[in-house]
Enquirer: 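Right, I'll just put the structure down here and ask away after.
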There are 2 protein chains.
Amino acid sequence: MADSQRNLTIADIARLAGVGVGTASRALNNAPGVSAATRQRVLAVADQHAYVISPDASGLAAGRTGRIGLVVPHIDRWFFGTMVGEIESVLRAAGLDVLLYDVGGLDDRREFFEQLPARKKVDAVVVVAFPVEEAERQRLTLLGVHIVAAGGQHAVYPHVCIDDYVAGRQAVDHLISLGHRSIGMIEAVDPEQPVRPSGRTAAYHRALADAGIAPDPDLVVTTNWGGINGAEAMARLLSLSHRPTAVYAHSDEVAAGAMRTIRRTGLRIPEDISIVGIDDHPMAELLDLTTVHQPVAEQGRAAAGLVLDLLRNDTPPADQAITLPTHLVVRRSTTSVPPTPDPS
Amino acid sequence: MADSQRNLTIADIARLAGVGVGTASRALNNAPGVSAATRQRVLAVADQHAYVISPDASGLAAGRTGRIGLVVPHIDRWFFGTMVGEIESVLRAAGLDVLLYDVGGLDDRREFFEQLPARKKVDAVVVVAFPVEEAERQRLTLLGVHIVAAGGQHAVYPHVCIDDYVAGRQAVDHLISLGHRSIGMIEAVDPEQPVRPSGRTAAYHRALADAGIAPDPDLVVTTNWGGINGAEAMARLLSLSHRPTAVYAHSDEVAAGAMRTIRRTGLRIPEDISIVGIDDHPMAELLDLTTVHQPVAEQGRAAAGLVLDLLRNDTPPADQAITLPTHLVVRRSTTSVPPTPDPS
DNA sequence: AACCGGAACGGAAGCGTTTCCATTTCCAAA
DNA sequence: TTTGGAAATGGAAACGCTTCCGTTCCGGTT
């Protein structure tokens, strides 16, 4: 362990390798203009002394940071965690570092963009699952930092997402195809996020209409995101005089909560009531919950790829948008409509 | 928007404020040696021009980075996600940035410490949930980066954790106090982590012994972490000729999997079989699962606090260790032992 | 043999801060 | 008033790298 001595600089490496600092820099950065032999020598010396370029100095001199900001609402939720993990993975493989910003609430987020901690700290920022206001975006652009969105809605900057409307249709159409005519919806909103028209909600209404089923306002309840809220929402649905034979939940977590209520009430799933969610959360498998699978990891990977592109060609690839497909996963929480027990 | 001009440097701010760069620097860094009036003036100018210090230049000159490395195995799991979110939150509040490294496997991890990407990139690293080899630790120390652990085992560096043995006892003792004598254990291991004696396992054996219950090797099954594996493990337990009346799972996820198997088998929880987990995963509430609550967020907060301490007093606070308490949360998955149905 | 273009290479000039050191300023004590 | 020292300042010297630019060194041309 001879490397306890003062930290080596690129100049030391250059000297040890018998080259100039310029050459050493080029060699270490895998830049052109160095003969293969020289490069080998420099790399060997560097390796031997466990030397690595100081990112700070490098960043200062080169004007790039080699860092990407990752802004995400609730890192403790499966969806975001998975997304982040995947993005980090491909970015790191590309030699970039990821600066994490867990910005939960609306205010936090505003403040984040306000202070622009990202300023001079990152080359680009990836925003997961929520829209960036136009003013914010322009500011970032002005500062020269690229911006990419993952798992959110359509936007004017490069982004990757799923089609919420299609996903919703896959869920609701499944229920309809099983013969259900009385379908409840548990609409989930995030109180911390700006309200926006949800494709998942539109899908419900449109699907019913297409099937010629008359809308019944009583059958749609709105609640906050999160399992426990789903449980409470389900209770409201069950208290209806004409309770639905099937329920469409905006997410698996909400569905899980609803399932608890159903089970506690003594009703059986799916015999007495069918339920379908969206996401294909790992928990769905354990719950035997029918759901619509959305490729979270793939979205993350695609978003990271977008960042890499942006950094490579400095030219913004014209508002690129990637929409990934979803698909229904049938498990044991849905079945055809039960024969009406009550003699009408 | 007049700030589209070339980026301002501290020299510009100094000039605009009518002071020297040294003074400007001190003012901006909230360092002593500047009169209140002068500081105000500098800050005002900086604010007015949306100026912020370049972290790269600052880091280069000052020798610190203002960044903390956060090394975590599986960011997509609730436990780690929560931990990370919490750590990030307090660190960011302290003006530090968090560099995220999602290092899943054993190899990835070794490679990570091997390449020491952290070198010169961070002032400290927080390692979540897995032990750092002594050699690795020494190397980091040599490089001058502090190290803190969260949610893992006891270690020689500052760390915060829970007492796995106690948590395990709380779970198993609960079962025993309900009258169970035939208690199965689903032991969960992470194939990607180094094996180590688990307090949760020791607790099981010791609790049975203390209660005078003869150990039965058939009743403990080992499986990989993750719900689906728990399901499979439970199947093994149920296939026993003398199946247990209660099951102790090392984690809620595993317990969730086990519950699915039990339910699919047609058995009722808790009438036919009781089950208890550990963690108090949000899912446990939706599953009505009795479990041992562990304060994840608090662990994260404490770990972040340790980092802050370390950075403040440059002197390592003598292998500080913080152990947080756990407690049993009784829900609907456990009940007293059913009267033996078979005439013996 | 003189010449030429290009690849390699060396080195100095920044990049935007912090910090040490030398000065100047300011005030209260003498 | 004079004066000693604390407080406030200004400025130059790093910090460790990238990059531009001028040289040197080749092999192939004419």
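In what follows, chains carry the letters A, B, and so on, assigned in the order in which the sequence lines appear, proteins first and then strands, with residues in each chain numbered from 1.
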Enquirer: Under the salt bridge (charged side-chain N to carboxylate O under 4.0 Å, His left out) rule, what pairs show up with a residue in residues 14-32 of chain B, not counting sequence neighbours?
Expert: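 Qualifying pairs, neighbours excluded: B/D12-B/R15.
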Enquirer: Can you tell if the side chain of A/E111 reaches within under 4.5 Å of the side chain of A/D107, non-hydrogen atoms only?
Expert: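 Not touching, per the 4.5 Å side-chain cut-off.
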Enquirer: Using whole Å, report how far CD1 of B/I13 lies from P of D/dG11.
Expert: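 The answer, rounded to whole Å, is 17 Å.
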Enquirer: Using only side-chain N and O atoms of A/S35, determine if any of them is under 4.0 Å from OP1 or OP2 of C/dA8.
Expert: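 Checking C/dA8 against A/S35, no side-chain N or O comes under 4.0 Å of OP1 or OP2.
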Enquirer: For residues B/Q320 and B/L306, report the shortest heavy-atom separation together with the two atoms involved.
Expert: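 So the two residues come closest at OE1-CD1, 3.1 Å.
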Enquirer: Whole angstrom is fine here: how far is it from CG in A/L28 over to P in D/dT18?
Expert: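 One finds 8 Å between P of D/dT18 and CG of A/L28, rounded.
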Enquirer: Hey, is the main chain of B/I68 close enough, under 3.5 Å, to the side chain of B/D123 for a donor-acceptor pair?
Expert: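 Side chain of B/D123 to backbone of B/I68, a donor-acceptor pair under 3.5 Å: no, none is there.
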Enquirer: Does the pair B/D56/A/R67 count as a salt bridge with the N-to-O cut at 4.0 Å?
Expert: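 Salt bridge flag = yes for A/R67 with B/D56.
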Enquirer: Out of C/dT17, C/dG10, D/dC17, which nucleotide sits closest to the side chain of A/V19?
Expert: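 Of C/dT17, C/dG10, D/dC17, C/dG10 is nearest to the side chain of A/V19.
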Enquirer: Check whether any side-chain N or O of B/N29 sits under 3.5 Å from a backbone N or O of B/S25 as a donor-acceptor pair, and report yes or no.
Expert: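 At least one qualifying donor-acceptor pair exists.
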Enquirer: Are any of the side-chain heavy atoms of B/Y101 and A/V98 separated by less than 4.5 Å?
Expert: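 No, too far: nothing below the 4.5 Å cut-off.
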Enquirer: Side-chain contact, heavy-atom cut-off 4.5 Å: B/L91 with B/L308?
Expert: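 B/L91 reaches B/L308 side chain to side chain.
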Enquirer: Output yes when at least one side-chain N/O atom of B/T9 is less than 4.0 Å from OP1 or OP2 of C/dC15, else no.
Expert: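 False: B/T9 side-chain N/O out of range (4.0 Å or more) of C/dC15 OP1/OP2.
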Enquirer: Nearest-nucleotide wise, let me know which of B/G33 and A/I53 is further upstream toward the 5' end of DNA chain D.
Expert: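 This one resolves to B/G33.
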Enquirer: Write down the distance between CD1 (B/I10) and C1' (D/dG11), rounded to a whole number of angstrom.
Expert: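 Distance check: B/I10 CD1 to D/dG11 C1' gives 13 Å.
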Enquirer: Does A/R41 use its side chain to pair, donor to acceptor, with the backbone of A/A17 at less than 3.5 Å?
Expert: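 Yes; at least one donor-acceptor contact below 3.5 Å.
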Enquirer: Got A/I147 and A/R137 here, is their nearest side-chain heavy-atom distance under 4.5 Å?
Expert: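 SC-SC contact between A/I147 and A/R137 confirmed.
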Enquirer: Taking only side-chain N and O atoms of B/S54, does any of them lie within less than 4.0 angstrom of OP1 or OP2 on C/dT17?
Expert: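 For B/S54, the contact criterion (side-chain N or O under 4.0 Å from OP1 or OP2 of C/dT17) is not met.
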Enquirer: Starting from P on D/dG11, measure out to CZ on B/R15 and report it in whole angstrom.
Expert: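 Rounding to the nearest Å, CZ of B/R15 and P of D/dG11 are 13 Å apart.
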Enquirer: Does OP1 or OP2 of D/dT18 have a side-chain N or O of A/S25 closer than 4.0 Å?
Expert: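 Affirmative; the distance criterion is met.
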Enquirer: Checking side chain to side chain contact (heavy atoms under 4.5 Å, CB included) between A/V125 and each of A/V307, A/V148, A/V71, A/L70, which is the one that passes?
Expert: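 That would be A/V71.
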Enquirer: Scan residues 37-47 of chain B against DNA chain C and write down, sorted by residue number, each residue with any heavy atom closer than 4.0 Å; if none is found, say none.
Expert: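 Residues of residues 37-47 of chain B that come under 4.0 Å of DNA chain C do not exist, since none gets that close.
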Enquirer: Give me each pair satisfying salt bridge (charged side-chain N to carboxylate O under 4.0 Å, His left out) with a member in residues 71-82 of chain B, each pair once, sequence neighbours excluded.
Expert: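 Matches after skipping sequence neighbours: B/R77-B/D190.
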Enquirer: In residues 57-64 of chain B, which residues come under 4.0 Å of DNA chain D by heavy atom?
Expert: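 Only B/L60, B/A61 qualify.
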Enquirer: Might you work through the side chain to side chain donor-acceptor pair (under 3.5 Å) test for B/Q299 and B/E86, ending with a clear yes or no?
Expert: CA-CA 9 Å; B/Q299 288 180 73; B/E86 207 62 29; over 6 Å; no
Enquirer: Taking the basic N atoms (NZ, or NE/NH1/NH2) and the acidic carboxylate oxygens, is any pair closer than 4.0 Å for B/D97 and B/R92?
Expert: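 Judged by the 4.0 Å cut-off on N to carboxylate O distance, B/D97 and B/R92 do not form a salt bridge.
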Enquirer: B/D56 near the nucleic acid: base, sugar-phosphate alone, or nothing, with a heavy-atom cut-off under 4.0 Å?
Expert: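 It contacts nothing in the nucleic acid.
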Enquirer: Bend across the helix from C/dA1-D/dT30 to C/dA30-D/dT1, to 10°, with axes taken over 5 pairs at each end?
Expert: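 End-to-end axis angle for the helix from C/dA1-D/dT30 to C/dA30-D/dT1: 50°, rounded to 10°.
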Enquirer: For a quick check, with a 4.0 angstrom heavy-atom cut-off, what is the B/S/- contact string for nucleotides 20-26 of chain D, read 5' to 3'?
Expert: B------
